[in-house]
Amino acid sequence: MKKFNVGVIGATGMVGQRFLLLLENHPWFNVTCLAASSSSAGKKYKDALRRWHMSTPMPDKYADMVVYDASADKEKIASSVDFCFCAVNMKKDEIKELEYAYAKLECPIVSNNSAHRFTPDVPMVIPEINADHISVIDAQKKRLGTKRGFIAVKSNCSLQSYVPLLHPLKKYGIKSAAVTTYQAISGAGKTFETMPEIIDNIIPYIGGEEEKSEKEPLKIWGKVEGGEIVPASSPAITAQCLRVPVSDGHTAAVFVNFENKPTKEEILSAWENFEGEPQRLNLPSAPRQFIHYFEEDNRPQAKLDRMTENGMAVCAGRLREDNVFDYKFVGLSHNTLRGAAGGAVLLAELLAAKGYI
């Protein structure tokens with residue numbers, strides 16, 4: 001695989017920082033351009049940062065790179081890279097406009113943002129589940145009038161803790177599912193220092209999160225028809241999303257009903273044997289085993305298990321029958337790795353392997 005020159009738009013934020021750590025020694029992707037808001041533009045990266053949020057120190061290779069203005073320097077950025085990752089903190093309409101502008105400048109965008117998740121010809125991809133959706137990019141490029149430029153997005157971080165666990169069970173006809181997610185503060189771009197109100201507390205509301213958690217899986221499970229992705233009509237999912245005092249790692253309590261109820265052994269086998277396109281292609285960031293099941297009653301735990309397979313696996317535990325639903329279980333995923341930057345890097349690897357980048 002050739003080396004690709006890559007830009008990170010929104011490089012000073014928490015997800016942007018996570019991108020830079022993941023890409024520091026990436027075998028395919030070489031970061032050559034950093035971009036952020038106008039307040040950071042023209043500064044060296046180390047001086048533009050308000051705070052380095054990661055526990056791992058900032059790599060020296062980025063310290064003296066000069067930060068571009070993501071809005072004012074679009075042409076310069078787009079012409080200097082093969083594609084960009086995007087993780088900006090802006091209003092949704094502004095993000096849409098910015099990502100469209102880069103795509104039309106023939107710069108593919110792999111986005112961590114939610115702005116384009118429901119644009120019909122923009123694929124929203126969990127690479128192990130709906131890799132085939134990237135074929136809709138051809139229709140998107142036709143609409144945009146581009147040869148290389150397009151937008152592809154990853155799904156909301158909370159989905160990773162339960163959708164990958166439901167997906168291998170769809171063959172048993174999932175009728176309905178109820179999920180409560182217990183979401184880490186890094187999902188809000190916060191640390192315990194910057195979010196003191198979460199200490200000794202649970203906040204039972206995350207703006208927009210429940211709607212995303214209920215609707216995004218249906219697009220992921222949809223089909224490409226007539227140049228767009230038509231969302232699935234089922235299963236029905238109801239969600240509650242809570243912010244909890246955890247640094248990293250989203251946990252989900254999941255309840256599910258089936259048309260054809262499987263045995264516990266069939267569910268465990270489906271999880272153990274499930275693999276997707278990233279595993280078949282041996283992509284650099286892909287976990288070798290996508291789903292890890294823990295037999296212990298007190299696992300998975302965010303603190304102990306979020307870094308399973310470098311934070312790119314999905315963990316499950318406590319599978320048992322229920323007296324209202326057929327089964328219930330617990331899921332866990334690392335929200336800034338599998339759920340955010342890592343999921344976007346894996347999507348970019350898939351796009352590169354399939355020739356879209």
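Values below: all heavy atoms of this structure, side chains included; hydrogens, waters and symmetry mates excluded.
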With Phe329 as reference, evaluate Phe294, Tyr293, Trp271, Tyr162 under the ring pair (Phe, Tyr, Trp, His ring centres under 6.0 Å) test and give the passing residue.
Trp271

Can you give me the closest heavy-atom contact between Ile291 and Pro164, atom names plus distance?
CD1-O, 3.4 Å

Exactly one candidate in Lys43, Gln17, Lys44 meets side chain to side chain contact (heavy atoms under 4.5 Å, CB included) with Leu49; the answer is Gln17

When you look at CG of Asn273, are more than 12 heavy atoms from neighbouring residues, nucleotides or ligands closer to it than 6.0 Å?
yes

Phe255 meets the ring pair (Phe, Tyr, Trp, His ring centres under 6.0 Å) criterion, sequence neighbours left out, with Phe325

How about Glu211: does its CD atom have over 12 heavy atoms from other parts shown lying under 6.0 Å from it?
no

Just wondering, do Ile95 and Lys91 contact through their side chains at under 4.5 Å, heavy atoms?
no

Can you name the closest pair of heavy atoms from Ile202 and Val244 and give their distance?
CG1-CG1, 4.1 Å

Ile203 and Ile198: CA distance, side-chain angles, deciding distance, side chain to side chain contact (heavy atoms under 4.5 Å, CB included) verdict
CA-CA 7 Å; Ile203 299 174; Ile198 197 66; 3.9 Å; yes

Taking all non-hydrogen atoms of both residues, which atom of Ala103 and which atom of Ile151 are closest, and how far apart?
CB-CG1, 4.1 Å

So is Lys104 actually on top of Tyr100's ring, under 6.0 Å and inside 45° of the axis?
yes

If you round to the nearest 0.5 Å, how far is CD1 of Ile185 from CD of Glu193?
8.0 Å

Say you draw a straight line from CE of Met65 to OG1 of Thr32; how long is it, rounded to the nearest 0.5 Å?
6.5 Å

Derivation of the side chain to side chain donor-acceptor pair (under 3.5 Å) call for Ser213 and Ser158
CA-CA 7 Å; Ser213 299; Ser158 65; 3.1 Å; yes

What closest approach, in Å, do Cys107 and Val81 show between heavy atoms, and which atom pair accounts for it?
SG-CG2, 4.0 Å

Residue pair Asn335, Gln183: steps toward the side chain to side chain contact (heavy atoms under 4.5 Å, CB included) verdict:
CA-CA 8 Å; Asn335 57 296; Gln183 300 186 204; over 6 Å; no

Please give me the minimum heavy-atom distance between Pro262 and Tyr327, naming the atom from each residue.
O-OH, 2.7 Å

Student check: side-chain heavy atoms of Lys354 and Ile134 closer than 4.5 Å
yes

Phe290 and side chain to side chain contact (heavy atoms under 4.5 Å, CB included): which single residue from Glu272, Glu275, Arg338, Met312 fits?
Arg338

For residues 71-80, which residue pairs qualify under salt bridge (Lys or Arg N to Asp or Glu O under 4.0 Å), counting only residues two or more places apart or in two chains?
none

Have a look at Ser186 and tell me which of Asp248, Thr191, Thr336 forms a side chain to side chain donor-acceptor pair (under 3.5 Å) with it.
Asp248

What's the shortest heavy-atom distance between Ile77 and Cys84, and which atoms?
CG2-SG, 3.9 Å

So do Leu169 and Ile267 actually touch side chain to side chain, heavy atoms under 4.5 Å?
yes

Which residue pairs pass the side chain to side chain donor-acceptor pair (under 3.5 Å) test with at least one member in residues 306-317, sequence neighbours excluded?
Ser247-Arg306, His292-Glu309

Flag the pair Lys261 and Glu321 as a salt bridge only when some basic side-chain nitrogen lies within less than 4.0 angstrom of an acidic carboxylate oxygen.
yes

Is the shortest side-chain N to carboxylate O distance from Lys219 to Glu216 below 4.0 Å?
no

Answer yes or no: does atom NZ of Lys175 have more than 12 heavy-atom neighbours from other residues, nucleotides or ligands under 6.0 Å?
yes

Greater than 12 external heavy atoms within 6.0 Å of Asp297's CG
no

Give a yes or no on this: more than 12 heavy atoms of other residues, nucleotides or ligands lie within 6.0 Å of atom CD of Glu97.
no

Quick one: pull up OH in Tyr102 and CZ in Phe83 and give me the separation to the nearest 0.5 Å.
14.5 Å

Atom NZ of Lys61: over 12 foreign heavy atoms under 6.0 Å:
yes

Do Leu22 and Leu20 come close enough that some side-chain heavy atom pair is under 4.5 Å?
no

Show the atom names and distances, to 0.1 Å, of all donor-acceptor pairs under 3.5 Å that link a side chain in residues 1-10 to residues at least two apart or in another chain.
from	atom 1	to	atom 2	distance (Å)
Lys3	NZ	His26	O	2.8

Asp121 with Arg143: basic N within carboxylate O range, under 4.0 Å:
yes

Do Leu351 and Phe150 make a side-chain contact, defined as non-hydrogen atoms from C-beta onward lying under 4.5 Å apart?
yes

What residue pairs, at least two apart or across chains, pass side chain to side chain donor-acceptor pair (under 3.5 Å) with a residue in residues 45-55?
Lys46-Asp64

What do the steps show when you test Ser38 against Ser71 for side chain to side chain contact (heavy atoms under 4.5 Å, CB included), and what is the final call?
CA-CA 8 Å; Ser38 57; Ser71 297; over 6 Å; no

Heavy atoms from other residues, nucleotides or ligands near CG of Asp69 exceed 12 (cutoff 6.0 Å):
yes

Hey, mind stepping through Lys328 and Val256 against side chain to side chain contact (heavy atoms under 4.5 Å, CB included) and telling me if it holds?
CA-CA 6 Å; Lys328 53 190 172 187; Val256 59; over 6 Å; no

Could you tell me if the side chain of Lys141 sits less than 4.5 Å from the side chain of Lys147, heavy atoms only?
no

Side-chain polar contacts of residues 220-235 - donor-acceptor pairs under 3.5 angstrom, sequence neighbours left out - could you list them?
from	atom 1	to	atom 2	distance (Å)
Trp221	NE1	His167	ND1	2.9

